[in-house]
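Keep in mind that the numbers below use all heavy atoms, side chains included, and drop hydrogens, waters and symmetry copies. On a predicted model such as this, the values are computed, not experimentally measured, just so you know.
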Amino acid sequence: MTALPNPTAKKLGLVIDLDTCVGCHACATSCKEWNTEGYSAPLTDQDPQGADPHGTWLNRVHSYEMGEGAASRTVHFPRSCLHCETPACVTVCPTGASYKRASDGIVLVNPDTCIGCKLCSWACPYGAREYDYEDGTMKKCTLCVDRIYNETFAPEDRVPACVRACPTGARHFGDLGDPLSAVSQLVKERNGFDLLPEIGFQAGEQISAPKITPQPRDRTGRARNRAAGGKLRLAGRSLLRLGR
């Protein structure tokens, strides 16, 4: 099995504002476009134009309905690797193909030593691993390591493809190990918290559930008409933190 490196100060990751995410899937398609020719290449598809299309995607967006009646809303929940502090997908790997970098906390897969046993996908409680059936190896989010350290790129392009493509600015990238970084300050201001903290992986995924301001009621207990053209006001912000 594979050992983990000693914790380091630098912990690169993503912060995603769930109240700003509109579920457009630009992050997913830009990730697919970049990585199918980059570090994780290839990202194959099977029957993409047919009746049962499926394939390898390192970033997926799921949409859920929250609340009931007039107080309901749609929440878009992006899912990719969380780059955990103590990732079980690494320690369960029998060949060392799945590993965590000591320099920045990014979790990667070495395709040359991956045997496609899928143990890492079974160990990941977040469903963040993707098996490429044509390539025979496991694939996952790399935080675009071939972009973020590429000094030939302009500084604004040295971010993951999903961050660069987001049209609403819902995705943020930076060092979550630095308490003074913009992403750390964003998490602090929005009161983010670990996703599934009870499993103990220190996933670094922080989320504050969307909160909807209660509707005012009249003396009979019925909800009054909503102001501002019937729009609901949201109290608080929703954050998802990826990476630690």
Colleague: What closest approach, in Å, do H76 and S63 show between heavy atoms, and which atom pair accounts for it?
Modeller: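 Nearest heavy atoms, H76 then S63: ND1-OG, 2.7 Å.
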Colleague: Transitively linked via ILVMFWY side-chain contacts under 4.5 Å: F77 with I16?
Modeller: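 Shared cluster, yes.
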Colleague: Is the shortest heavy-atom distance from the side chain of K139 to the side chain of P42 under 4.5 Å?
Modeller: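 With C-beta onward as the side chain, the pair touches.
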Colleague: Donor-acceptor check, side chain of S121 to backbone of K118, threshold 3.5 angstrom: yes or no?
Modeller: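 Flag set: sc S121 to bb K118 pair under 3.5 Å.
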Colleague: Could you tell me the separation between the CE atom of M138 and the CG atom of N110, rounded to the nearest 0.5 Å?
Modeller: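 With rounding to 0.5 Å, CE (M138) is 14.0 Å from CG (N110).
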Colleague: Heavy-atom distance under 4.5 Å between the side chains of S181 and L186, does that happen here?
Modeller: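 No; the side chains remain at least 4.5 Å from each other.
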Colleague: Membership question, hydrophobic clusters at under 4.5 Å side-chain separation (ILVMFWY): are L180 and V183 in the same one?
Modeller: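 Hydrophobic grouping puts V183 apart from L180.
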Colleague: Are L4 and P87 packed together at the side-chain level, in the sense that at least one heavy-atom pair is separated by less than 4.5 angstrom?
Modeller: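 SC-SC contact between L4 and P87 confirmed.
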Colleague: Are L14 and I106 connected, step by step, through hydrophobic side chains (Ile, Leu, Val, Met, Phe, Trp, Tyr) whose heavy atoms are closer than 4.5 Å?
Modeller: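 The answer is yes; both residues are in one hydrophobic cluster.
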Colleague: Strictly distance-based, threshold 3.5 Å: is any side-chain N or O of D175 a donor or acceptor partner for the main-chain N or O of K11?
Modeller: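 Yes, D175 side chain to K11 backbone: donor-acceptor pair under 3.5 Å.
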Colleague: Using a cut-off of 6.0 Å, state whether more than 12 heavy atoms not belonging to E68 lie near its atom CD.
Modeller: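 Not buried by this count: 12 neighbours or fewer within 6.0 Å.
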Colleague: Can any side-chain N or O of K100 pair as donor or acceptor with the backbone N or O of C84 at less than 3.5 Å?
Modeller: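 Yes, K100 side chain to C84 backbone: donor-acceptor pair under 3.5 Å.
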Colleague: With rounding to the nearest 0.5 Å, note down the distance linking OG1 in T56 to CG in L43.
Modeller: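 Rounded to the nearest 0.5 Å, the OG1-CG separation comes to 6.0 Å.
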Colleague: Would you kindly say whether T44 and D132 are connected by a side-chain donor-acceptor distance under 3.5 Å?
Modeller: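 Present: a donor and an acceptor within the cut-off.
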Colleague: Using only atom types and a distance under 3.5 Å, with no angle test, would you say the side chain of R158 pairs donor to acceptor with the backbone of E151?
Modeller: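 Present.
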Colleague: Please examine the side chains of S98 and R129, heavy atoms only from C-beta on, and report whether any two atoms are closer than 4.5 Å.
Modeller: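 In short, these two side chains touch, coming nearer than 4.5 Å.
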Colleague: What distance separates S80 OG from Y126 OH, expressed to the nearest 0.5 Å?
Modeller: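 Here the rounded value is 12.0 Å.
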Colleague: Cluster question for you: counting only ILVMFWY and a side-chain heavy-atom cut-off of under 4.5 Å, with indirect links fine, are V163 and Y149 together?
Modeller: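 Shared cluster, yes.
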Colleague: Can you tell me how far apart CD (Q185) and CG (D178) are? Round to the nearest 0.5 Å.
Modeller: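 Between Q185 CD and D178 CG, I get 8.5 Å after rounding to 0.5 Å.
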Colleague: Indicate the atoms forming the closest heavy-atom contact of A161 with S30, along with that distance.
Modeller: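 Closest approach of A161 to S30, heavy atoms only: O-OG, 3.3 Å.
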Colleague: Mind checking whether Y64 and H62 have parallel, tilted or perpendicular rings, split at 30° and 60°?
Modeller: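 The arrangement is tilted - the two ring planes meet at 30° to 60°.
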Colleague: Can you find a pair of side-chain heavy atoms, one from L108 and one from Y99, that are under 4.5 Å apart?
Modeller: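 When only atoms from C-beta onward are counted, Y99 and L108 do touch, with a gap below 4.5 Å.
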Colleague: Take atom CZ in F153; do more than 12 heavy atoms of anything else shown fall under 6.0 Å from it?
Modeller: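 Atom CZ in F153 is packed in, count exceeds 12.
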Colleague: Is any side-chain heavy atom of V145 closer than 4.5 Å to a side-chain heavy atom of R101?
Modeller: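 Yes; the side chains approach each other to less than 4.5 Å.
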Colleague: As an exercise, state the distance from CZ of R79 to CG of L58, rounded to the nearest 0.5 Å.
Modeller: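 With rounding to 0.5 Å, CZ (R79) is 11.0 Å from CG (L58).
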Colleague: If you count the non-hydrogen atoms of other residues, nucleotides and ligands that lie under 6.0 Å from CD in E33, is the total more than 12?
Modeller: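 No, CD of E33 has 12 or fewer neighbouring heavy atoms, counting only those of other groups under 6.0 Å.
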Colleague: C93 and A97: which non-hydrogen atoms are nearest, and at how many Å?
Modeller: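 Closest approach of C93 to A97, heavy atoms only: SG-N, 3.3 Å.
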Colleague: Start with the C-alpha distance between R171 and N59, add both sets of side-chain angles, then the distance that settles side chain to side chain contact (heavy atoms under 4.5 Å, CB included), and finish with yes or no.
Modeller: CA-CA 13 Å; R171 304 176 74 90; N59 186 20; 3.6 Å; yes
Colleague: So, for D47 and A51, which heavy atoms are closest and what is the spacing to 0.1 Å?
Modeller: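 Result for this residue pair: OD2-N, 3.6 Å.
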Colleague: When you measure from the side chain of T29 to the backbone N and O of H25, does any donor-acceptor pair fall under 3.5 Å?
Modeller: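 Here the side-chain-to-backbone pair exists.
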Colleague: Just checking, is any N or O donor in the side chain of D17 or T20 under 3.5 Å from an acceptor N or O on the other one?
Modeller: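 Their side chains do contain a donor-acceptor pair, which is all the 3.5 Å distance test asks for.
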Colleague: Under a 4.5 Å side-chain heavy-atom rule over Ile, Leu, Val, Met, Phe, Trp and Tyr, are L119 and V109 clustered together?
Modeller: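 They do not share one cluster, since no chain of ILVMFWY contacts under 4.5 Å joins L119 to V109.
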Colleague: For W57 and A28, which heavy atoms make the closest approach, and how far apart are they?
Modeller: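 For W57 versus A28, the nearest heavy atoms are CZ3-O, 3.5 Å.
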Colleague: Can you measure from CD (E130) to CZ (R60) and round to the nearest 0.5 angstrom?
Modeller: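 Answer for the CD-CZ pair, E130 versus R60, is 4.0 Å.
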Colleague: Taking V107's backbone N and O only, do any of them form a donor-acceptor pair with H83's side chain (distance below 3.5 Å, no angle check)?
Modeller: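 Judged by distance alone, yes, a pair lies under 3.5 Å.
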Colleague: Any side-chain heavy atom of D157 sitting closer than 4.5 Å to one from N150?
Modeller: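 SC-SC contact between D157 and N150 ruled out.
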Colleague: Taking T95 for the side chain and T113 for the main chain, is one N or O donor matched with an acceptor at less than 3.5 Å?
Modeller: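 Confirmed, T95 side chain pairs with T113 backbone.
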Colleague: Where do K32 and D45 come nearest, in terms of heavy atoms and distance?
Modeller: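 Taking K32 first and D45 second, the nearest heavy atoms are NZ-OD1, 2.8 Å.
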Colleague: Is I148 close to L12 at the side-chain level, that is, under 4.5 Å between some pair of heavy atoms?
Modeller: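 Answer yes - side chains close enough.
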Colleague: Mind running side chain to side chain contact (heavy atoms under 4.5 Å, CB included) on Y39 and L143 for me, showing each step along the way?
Modeller: CA-CA 10 Å; Y39 181 91; L143 283 180; over 6 Å; no
